[in-house]
Amino acid sequence: MKMKRSLMLLISLCFAASLALSGCGSDNKSAGETGGGSAGTEPKTEEAQKAEPFELTLRHTQVGQDKEKRFAILQDVVKKTEGEIEGLTFKLDGVESDVNRKEKLRGEMAAGNPPDIFDLFGSPDSKVYAKEGKLLDLTPIIEELGIKDKFSSLEPFTYEGKVYGLPIGGSGEGFFYNKEYYDKKGWAPPKTFAELEEQLAAIKADGKVPMAAASKAGWVPLMLTNHLWSRYAGPDITNKFATGEAKWNDPNMVKAFAKHKEWVDKGYFKKGELGFEYAEYTTQFTSGEAILMYDGTWKSSVFKQGESGAGMIGKVGFFNLPPVDGGVGDQTALMRDVNNGYGFSSAVAKDPRKLEAVKVFIKNMFNEEMQIRGLVEDGVLPAMKLDASVLESSITDDLMKQIVDVLNSAQSSFPAFDSLVQADVTTEISNIQIQKLIGNQTTSEKMGEALQKAQEEANSLEE
Amino acid sequence: MNKALKNPALYVLFILPCLILFAMFFLYPIVSSIRYSLTSWNGVSSDPKFIGFDNFVKALTEKRFWTAVRNNGYFILFSCGIQVPLIVFFSLLIAHVKKLKGLYKTAVFLPSIMSTAVIGILWGFIYEPNIGLLNNILKVFGIEPLYWLSDEKYAMLSILITNAWQWTGFYIVMVLAAIISIPRELDEAAAIDGATAVQRAFSITLPLIKPIISVVIMLSIAGAMKAADIVIVMTKGGPAGSTDVMATYMIKYAITNFKYGYGNSISVLIFVFTLILTALYLLLIARRSERIEY
């Protein structure tokens, strides 16, 4: 009996081992076939090899109701690409944008197993990955497809003259305002800073929340702080921190921080903001509780039929932060960049079929039609140069028209601070300093000094 | 067959699969973590730069790291000082309940099978300043709304309460099993001798379940040292880093900043601290509780 049992055990072990080995075996076989295909085997096997299924993993950040439209566009591109390449299936993996950028993708890059295609942040992320050879060089592909000169800027994704990522759309930042409320008050979008502050005070006195706020993640309040310091200290000052030409504790920077704090102290933001998620930011505005919301132009997609802000269609406007008296530099400048897009794993180049699939994906994703769809359906500004007449005829939405007007009337623009300073400094300002400022645990002067200290440390590490 | 079992090579063969798995998933990660903790490495490049103990010096002299250590300390204090007595109290109550014992057991166990993400969101609603349950209750007593998760004063406490709520049920079920396994005669004999319920609980049940309480405490300590998910879901370590624990500190300052060398040194520190704490606990306290023999 004992003997029998051990024999059974041995047999089952052999069975398990052979199963495992056969699993490895089939894998080797397919890899071998892929390699052998180009060596000129019989046409029959070549056909069979072409039809052999293979998979591309695609990490996107289109999760949640507000990104449904963008997700639909991506799905169409995926379907079209699958139709054009025999045997190809995409495996979609949706991850929240900030988590993908700051945790997941970084971990995967470190472990050496990023997805084949992934949502990628231009500067500074793509440069770090490109430097280490983790990203696929797209220069030959976009040259072959003839789209190299079609993008308004590829700078954030360029490293040593080569392109490692393609921006999906552009964005700008400014104030969304409740038009109905403004009309009722007989107001127009503020032309001067004093006028804006008068309006904020009046809204507060009216028992409403002047500005939506959700600062659990520091980048949300920092959109406005970034604009404030670009008014007070100049739109190009952020460029100069990493080179040491300018300092975070510059008196004009401190003035900007002080202004943000003054607005917090006066109760112009939704109270308890440090505990709210970004999703609640939009809700505060769409529910009519907050009258203004400082956010990126991507938010306009919410004010479309079937989306969470559908009830406010036609009742939302957009304006630029008014000029500050005594401010430095261009007082019409606003944040505008093309920093978000797709990157591809350098491992793709090892498999000719995957490389071909990537090429077709790029062809289907980065073209005029998709850019217009992004603009019309999702409110994302095009990252590619489009014909002015085509652009004009495709914008029918009032809010989008107003956004484009505001962007066009700005004489210059600046990139968001986190694409210009080192990751250490971004962590310091967004996880600590801005929350301290809002939570009344620091002063604007101390904040400037702490940031400058972090900046100097980061600069010294780079030398 | 018997001959075969006398062959030492066969034993080696049998333990080999386990040994390989152990080496692959336990020894190798620890060794490589220690190796990388001595380097300056962005996590992506192929040549980490050896910098000796600089990472450890940096962590140990960083005020924010100690804030995180302190918060881990709060986790331990809260779970050992408040949670464990509650666990014992509720276990005693449930053990002596006559009706619906199964329902109580299931009800207290429920939170521990839910994912932390769900619990974080659930309690996020309870702590919500405007419409949350807690502030609504406070309003009845005329107390101004408190900003539970956004005020530095209450944020850590809010997390601790949620964490305790999540795990109490799990430990209650463990302690309950121990109580139920105590021979009934002991309790009955004491009752016949005229001992009150409180006396029986303190003099009979508690001493007999000491070993399991000791295990609960040790698991709480280990759990407290590696806490991260609940903090990430509820506050992301904020406001302004005031609720960061060691693990979230590691994510924030290492992974998001392309500093994997530094991150590895933090992970080594967490490992060492946990090792020291549990070893101390075992040596000083758990050893003393004698074996129970009925």
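Just so it is clear: chains get the letters A, B, ... in the order the sequence lines come, proteins before strands, and each one is counted from 1.
Note on A:K271, A:M109, A:E103: by heavy-atom pairs under 4.5 Å with chain B, the leading option is A:K271. Listed options A:I432, A:T442, A:I438 were ranked by heavy-atom pairs under 4.5 angstrom with chain B; first place goes to A:I432. Taking A:E428, A:E277, A:R101 one by one and counting their heavy-atom pairs under 4.5 Å with chain B, the maximum is reached by A:E428.
Neither the backbone nor the side chain of A:Q422 comes within contact range of chain B; no heavy atoms are under 4.5 Å apart. Residue A:K270 touches chain B through its side chain alone, counting heavy-atom pairs closer than 4.5 Å. Neither the backbone nor the side chain of A:E108 comes within less than 4.5 Å of any heavy atom in chain B. The part of B:P129 that comes within reach of chain A is its side chain, from C-beta onward, which places non-hydrogen atoms under 4.5 angstrom from that chain. Contact annotation for B:D151: neither backbone nor side-chain heavy atoms come within less than 4.5 Å of a heavy atom of chain A. Using a 4.5 Å cut-off between heavy atoms, A:K436 touches chain B through backbone and side chain atoms alike.
Counting all heavy atoms, side chain and backbone alike, A:R106 lies closest to B:N257 at NH1-N, 4.1 Å. Of all the heavy atoms in B:F258 and A:A423, the pair that sits closest is CD1-CB, 4.4 Å. A:D424 and B:K259 make their closest contact through OD2-NZ, 2.8 Å (heavy atoms, listed as atom of the first residue, atom of the second, distance). Nearest heavy atoms, B:K236 versus A:K216: CD-O, 4.3 Å. Minimum heavy-atom separation, A:Q435 to B:A240: OE1-N, 2.6 Å. Looking at every heavy atom in both residues, B:N42 comes nearest to A:E132 through ND2-OE2, 3.6 Å.
Enclosure of atom NZ in A:K446 is not indicated, since only 12 or fewer non-hydrogen atoms of other residues, nucleotides or ligands lie within 6.0 angstrom. Surrounding CZ of B:F53 are at most 12 heavy atoms belonging to other residues, nucleotides or ligands under 6.0 Å away. Environment of CZ in B:F50: crowded, with over 12 heavy atoms of neighbouring residues, nucleotides or ligands closer than 6.0 Å. A:K127 NZ: more than 12 foreign heavy atoms inside a 6.0 Å radius.
Expressed to the nearest 0.5 Å, how far CD of B:E152 lies from CG of A:N440 amounts to 11.0 Å. We find the OH-CG distance between B:Y253 and A:N431 to be 6.0 Å, quoted to the nearest 0.5 Å.
Side-chain N or O atoms of B:Y260 include one that pairs as donor or acceptor with a backbone N or O of A:G107 at under 3.5 Å. Distance alone, capped at 3.5 Å, places no donor-acceptor pair between the A:K134 side chain and the B:S45 backbone.
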